Structure formats: C-alpha cells, structure tokens
Amino acid sequence: MTGLADRLEDKPVEVEQEVTSLELFFDLVFVFAITQVTGFISADPTWTRLVEGMAILAALWWAWESYVWLGNTAASDEGAVRVVLLSTMGALLIASLAVPKAFSDDALIFGLAYFAVRAAHLAAYIIVSREDPQLRGVVLRLATTILPAAALLVLAGIVDHGAARTACWIAALTIDYGGLVVRGVEGWRVEAAHFAERHGLIVIIALGESIVAVGVGAGGLDLDAGLIVAALLGMAVAGAMWWAYFDFVAIVAERRLRGAPPDERVRIARDSFTYLHLPMVAGIILFAVGIKTTLAHIGQHLDAVPAVALCGGAALYLLALSAFKRRNIGSWNHPRLVAASALVALAPIATAIPALLALGLVAAVSVALVAYEFVAYAEARDRIRHGHASP
C-alpha cells in the first residue's frame, strides 16, 4: 500500500461525466443476461456447461463493454444515442432469452440477436463521430474485428456439427478479445469517473446475482437451521466480495485512471476495466452457481463442478482483484493471492465434506482476508478513504 498508491490517495475528486438513467436502464437487460448464464450452468452443472456458460458470458460481456465505451464517448443519452440504446435493449433481451439453448436449438437466434447488438453499436459510433475524423477512423478500424466476430456467431447458429459450432465460438471470441490488443486503442478518449462508475455498478449487479442465487436456491425448501446458516454464510461471502472491491481498491483505481495522461488512461481503461473486470464478474457468477447448488444439498457432498464453482469462483475473483492492483499500481496483493490459493486447495476437499461445511470454509477464508486487510492496512485505508492531506 505504498509507492504509487500513496501518491494517488489524496488526489481531489473532480466533477466529471455521470452515469445516465438510460445507461442504468440498459444495464437491467444485462442483469437478466447474467441471471440466464447462472441458470444455464446450474441447471446441468457439467464441465461442458461450465465452459459454454463462460463463453456466453464472455460474448455478452464484450457487447456490454462496447456500450460502456460508447456512453463514455457520447456523454449523452439524447437523440440518436437514445434511439440506439433503447433499440439495442430489445436485441440484447432476445440474445439473453436464447442463452439456455445458445449452443443448441436457439444458436441461430442468439447469433442474429448478438450481431444486431454489435452492428447497432457501430452505427451509433459512426453517428457520434460524424464531426470527429480521428474517432471515425478508430471506429472503422475496430469494425474490422467486431463484424467478423459477430458474423462467426451467426455462422455458429447455422452449422449443425458440434465441433464446427465450437470452432466458430473460439474464433469469434479470439477475434473480439484479441482485436482490441492488435488494433490498439490510439485515438480513444476516456472520462475516468464515468468509466470507473459503470464498472463499479456492474460489480454490484453481479453481486446481486449471488444474492438472488441464495433466494432461488432456497426456494421450495424448508426454512430450517441448516438453510438459514447456509444463506447467512452465502451473504457473508458476498459481503466480503463487496468489501474487497469497494472499500479502497475501487477508489485507488479511479484515481489512478483519472491521474493518468490521456493515452495511458485509455490503456488502463482497456486493461484494468474492460479485460480484468470480466474474471471478477465471472468469479462472482461461478460462486452464485456454487451457492445455488449448495443450498439444495446442504448435508451432501458437492459434485466436482459445483465444488469448483463455489471455491474457484471466489478464488478467481480475488485473483482478478490482485491482477487489477498489479496493473494499476505495479504490485500484487499478496494476501489475496494467498487466500485465492487456499480457496483453490479447498475445491477438491469440498467434494468430500458436507456442502454446508464447504461453504463455511469459503466464508471463513473470505471474511478472514477482509479482517486481515482491515487491520494490516488500517492507516493507508484511512488515508485513501478520508484523504487527510490537503489537495
């Protein structure tokens, strides 16, 4: 918690672009998409479903991210941007409805809806950049990866052979995620406060899915002592996840983004937020899958996939947070790496002990990490959160 982090602690908070109500409305469809992915995996928790679910999440995440960048650039929810966002919500809703059968009967529907989402994003950017030749060039450059990747998911819905469909998905995600690195981000502009807030809100949304998973998992079950304890343990893990991100990490990250020169700011936005927030959200969703299964089998042993989801999801979240710190201020968060390692080691054990005990151990590791950081980083945390030094 020293070095660059200390220099960022006392940067004054500037008034910048705010998240609009339309952007929040747009995010509600993504909430449903997350719920669909959780349900898709938990309905049949096999390794194949797990991989497919993560692939669907990766595709939907990239689509959502594209609209975060659009909103950040447009800085408005008026005119054409409003029409595009409201129209896109319909296409994104259809894609979300197709999630449960995105690799089978509804593959073509998912692909076509997804293509519409991505094409609308490009159309909106062309409108926004009509008086900005540099931005127009950036958008056209990015279109060379967006459109082929989206078209491959349409093709995935057309082909019948499973191997060919899988190949299309792999190629689509590789082009999308690799395209931003290969094509670069030169020419983009980022408003720091708005960009950081959008990503903080999506973490909240994902954490909300873990709470929903507790409610869904407990539905139809007798509210006995075991179920109550399991629900509270699930809430403890979700609370620890919230604390690990919002207590001071999000504050430092936003100040680092704000304080960076324009070109470096865009690269940080790409790496720390567009890329590294995906494993955070994926980790939360995996934990939601695990808690949902745990509540239904409190006294039984978890199968391999739910055990990996329960323990590995929390571990992935902490690992991503540590990488987030590494990208922002140049050092790893070693306590979080230790906690993530403990959670990974717990996964095989979780298949041999009652599910409630496994959840209790995950909660113990998560809460212990938060308690340790609260004590060990007390002074730095206080400076970051309350900024005693003058601006």
Side-chain angles (χ1 to χ4, degrees), residues 1 200 203-215 217-218 225-253 279-295 297-299 302 306-325 332-382 384-385:
M1 301 295 295
V203 172
I204 289 287
I205 286 172
L207 288 171
E209 174 58 24
S210 68
I211 303 302
V212 170
V214 172
L227 187 61
I228 291 173
V229 170
L232 291 176
L233 289 173
M235 186 66 214
V237 177
M241 287 179 166
W242 176 89
W243 189 296
Y245 184 89
F246 289 100
D247 188 50
F248 58 81
V249 169
I251 299 172
V252 172
M280 291 183 206
V281 171
I284 295 170
I285 290 176
L286 287 174
F287 173 74
V289 171
I291 186 68
K292 191 174 179 181
T293 306
T294 297
L295 289 169
H297 305 87
I298 290 176
L302 292 173
V308 167
L310 182 71
C311 305
L316 178 60
Y317 179 75
L318 294 177
L319 179 61
L321 279 174
S322 188
F324 187 52
K325 182 191 177 198
W332 296 95
N333 185 308
H334 293 101
R336 295 185 179 189
L337 292 178
V338 171
S341 299
L343 289 166
V344 170
L346 179 59
I349 299 173
T351 63
I353 60 177
L356 181 59
L357 178 57
L359 175 58
L361 292 174
V362 172
V365 172
S366 302
V367 173
L369 171 66
V370 167
Y372 171 80
E373 290 187 343
F374 182 80
V375 174
Y377 302 145
E379 183 179 350
R381 174 182 174 275
D382 186 55
I384 291 169
R385 290 184 58 82

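In this text, all values refer to a predicted model and were calculated from it rather than measured experimentally.
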Dump the intermediate steps for side chain to side chain contact (heavy atoms under 4.5 Å, CB included) on Val203 and Tyr317, then the final yes or no. CA-CA 11 Å; Val203 172; Tyr317 179 75; 4.3 Å; yes

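- Leu233 has its side chain within reach of Val229: a pair of non-hydrogen atoms, C-beta onward, lies under 4.5 Å apart.
- In this structure Glu373 satisfies the salt bridge (Lys or Arg N to Asp or Glu O under 4.0 Å) test together with Arg336, sequence neighbours excluded.
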Can you list, pair by pair, the side-chain donor-acceptor contacts under 3.5 Å of residues 238-249, counting residues two or more places apart and other chains?
from, atom 1, to, atom 2, distance (Å)
Trp243, NE1, Asp247, OD2, 3.4
Tyr245, OH, His277, NE2, 2.8
Asp247, OD1, Arg381, NE, 3.1
Asp247, OD1, Arg381, NH2, 3.1
Asp247, OD2, Arg381, NE, 2.5

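- Residue pairs meeting the side chain to side chain donor-acceptor pair (under 3.5 Å) criterion with at least one partner in residues 204-214, sequence neighbours excluded, are Thr35-Glu209, Thr38-Glu209.
- With hydrogens and angles ignored, the 3.5 Å screen pairs no side-chain donor or acceptor of Thr294 with any backbone N or O of Ala355.
- In this structure Ala230 satisfies the side chain to side chain contact (heavy atoms under 4.5 Å, CB included) test together with Leu295, Ile298, Leu356, Leu359, sequence neighbours excluded.
- The heavy-atom pair separating Ala253 from Phe324 by the smallest distance is CB-CZ, 3.3 Å.
- Taken to the nearest 0.5 Å, the CD1 atom of Ile285 stands 13.5 Å off from the CE atom of Met280.
- To the nearest 0.5 angstrom, Ile291 atom CD1 is 13.5 Å from Leu286 atom CG.
- Scanning both residues, Ala307 and Thr351, for their nearest heavy atoms gives CB-CG2, 3.6 Å.
- Annotation for Ala206 and Ile284: closest pair O-CG2, 3.2 Å, computed over non-hydrogen atoms.
- When all heavy atoms are compared, the tightest approach of Tyr372 to Pro335 is CE2-CG, 3.6 Å.
- The heavy-atom pair separating Ser322 from Asn333 by the smallest distance is OG-N, 3.0 Å.
- Partners of Leu319 under the side chain to side chain contact (heavy atoms under 4.5 Å, CB included) rule, at least two apart in sequence or in another chain, are Leu337.
- A 4.5 Å side-chain heavy-atom check between Met235 and Val214 finds every atom pair outside the cut-off.
- Annotation: the span from Leu310 atom CG to Leu346 atom CG amounts to 7.5 Å, rounded to 0.5 Å.
- Legend: residues meeting side chain to side chain contact (heavy atoms under 4.5 Å, CB included) with Ile353, ordered by chain and number and at least two apart, are Ile349, Leu357, Ala358, Leu361.
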